[in-house]
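Only this structure's heavy atoms are used, side chains among them; waters, hydrogens and symmetry mates stay out.
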Amino acid sequence: MRVLVVDDSKTMRNIVKGILGTIGATAIEEAGDGQDALSRVDAFKPDVILLDWNMPVMDGITFVRAYRAKNKTTPIIMVTTEAEKTRVMEAIQAGVNNYAVKPFTPESLSKVIETTMAKAAAKKAA
Amino acid sequence: MNMDVRHINAFLEATKAVFDTMIKLPVTFEKPELGTRKEQYDVSGVIGLSGDVVGSVIVGFTRMSAVQIASAFAQTRLEVGTADFADAIGELANMIAGGAKAKFEGQAVSIGCPSVIIAPSHQISSPSNAASICIHCNTAAGRFTIDVAIQSSTKAQTSPAATASNGTKSAIPAGTPA
């Protein structure tokens, strides 16, 4: 599983990378904001993108809209403190596949990732 | 002062969630008290709130508690003054503020960019009309303080800027809320 981790906090990226290491991630690429992610995503070809919402330069929701506008279907999981229902709905409408609220446990984030990947695999097989 | 007790509870719940979930460090709270923003910190993470709730939140530490707690959060030893240390303190403050504001039912609130201030015994001032509530928190890794100076607003306002001073201040931007 190839994972693009997009978060402006290096601490958070490191924590997420540690969790990804326990669930079989084979390659991890890091980006510090949405613009950085856009510049890396095509070359890296992730199987899933873990995306923070509030970041400098380009925030997560702007990244989602820009990425989906290119007809890209790679699953995106928003990993954020933005937990209000209106925010979750906004993210899903923009094209986010799943949502994990900070703070999270390793188990809860792993479950969200695995559920998302299973759904993506089922959709691909259909 | 126009501070809703539910807002204070939101900060207590958010702080407990962050420490229980991501730091695995149980936290206990002392009785919240009226603050005057005269408290002194060696390290503080500061975040402004705007929208239907305006004000600022400080997560303040002693130097030793900041190192211990930031290191526990980052799962590696961090040293004061490094970018990684500031990043961890900023993200900690961001998760507490973000978690709290998510509990402000029916109120549209945005949190600003966290700043991390590192200077011995600094104070952070707010506008004179902004009272604050101080919540002292205890963990096995040390004590810290959540200082909340917010009020509900019926119209969007710009959050008051917090300023730090002790003559030797240094402010390190720590990214934006996550």
Side-chain angles (χ1 to χ4, degrees), chain A residues 5-22 30-37 50-63 77-91 96 99-112, chain B residues 10 13-25 27 45 47 49 51-53 69-76 78 82-114 116 173-178:
Chain A
V5 180
V6 190
D7 197 308
D8 60 316
S9 168
K10 183 182 174 186
T11 305
M12 192 55 64
R13 294 199 304 270
N14 286 340
I15 290 170
V16 170
K17 283 196 301 180
I19 295 168
L20 290 170
T22 68
E30 297 178 53
D33 61 72
Q35 189 66 56
D36 190 16
L50 304 187
L51 181 68
D52 186 16
W53 189 305
N54 292 303
M55 295 179 287
V57 185
M58 179 188 285
D59 64 19
I61 199 74
T62 305
F63 169 85
I77 302 171
M78 195 69 94
V79 184
T80 177
T81 60
E82 297 287 346
E84 296 93 325
K85 286 179 183 173
T86 52
R87 292 294 230 179
V88 177
M89 291 305 299
E90 182 182 358
V96 164
Y99 212 92
V101 175
K102 298 176 184 174
F104 50 76
T105 62
E107 295 77 19
S108 65
L109 183 61
S110 297
K111 188 174 181 181
V112 170
Chain B
E13 291 169 14
T15 302
K16 181 170 171 45
V18 169
F19 275 74
D20 284 352
T21 307
M22 299 213 67
I23 313 182
K24 309 292 186 196
L25 203 54
V27 57
I47 292 191
L49 288 84
D52 292 340
V53 173
I69 291 169
S71 297
F73 174 44
Q75 300 165 21
T76 187
L78 298 177
T82 63
D84 288 356
F85 174 79
D87 183 274
I89 294 292
E91 184 63 15
L92 199 55
N94 170 65
M95 282 198 296
I96 291 171
K101 74 111 173 168
K103 300 176 190 298
F104 294 174
E105 291 181 14
Q107 293 180 302
V109 181
S110 296
I111 57 175
C113 173
V116 175
T176 61

Stepwise side-chain contact (heavy atoms from CB on, under 4.5 Å) test for A/Glu107 and A/Lys111
CA-CA 6 Å; A/Glu107 295 77 19; A/Lys111 188 174 181 181; over 6 Å; no
Looking only at atom types and distance, does a side-chain atom of B/Asp87 sit under 3.5 Å from a main-chain N or O of A/Lys10, one as donor and one as acceptor?
yes
Using only heavy-atom distances, determine whether the side chains of A/Asn14 and B/Gln75 contain a donor-acceptor pair under 3.5 Å.
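Per modelled atom types, A/Asn14 and B/Gln75 side chains form no pair under 3.5 Å.
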At a 4.5 Å cut-off on heavy atoms, which part of B/Lys101 comes close to chain A: side chain, backbone, both, or neither?
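Both backbone and side chain.
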Contacts with chain A made by residues 14-23 of chain B (heavy-atom distance under 4.5 Å), listed by residue number
B/Ala17, B/Val18, B/Thr21, B/Met22
I'd like to know which of A/Val101, A/Thr86, A/Asp33, A/Ile15 tops the heavy-atom pair count under 4.5 Å against chain B.
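Among A/Val101, A/Thr86, A/Asp33, A/Ile15, the one with the most close pairs to chain B is A/Ile15.
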Could you go through the side-chain contact (heavy atoms from CB on, under 4.5 Å) check for A/Asp52 and A/Lys102 one step at a time?
CA-CA 10 Å; A/Asp52 186 16; A/Lys102 298 176 184 174; 3.6 Å; yes
What residues, two or more places apart in sequence or in another chain, satisfy ring-ring contact (aromatic ring centres under 6.0 Å, His included) together with B/Phe104?
B/His7
Sequence-distant partners of A/Lys17, side chain to side chain donor-acceptor pair (under 3.5 Å), two or more places apart
A/Glu30
Who passes side chain to side chain donor-acceptor pair (under 3.5 Å) against A/Thr62, sequence neighbours left out?
A/Asp59
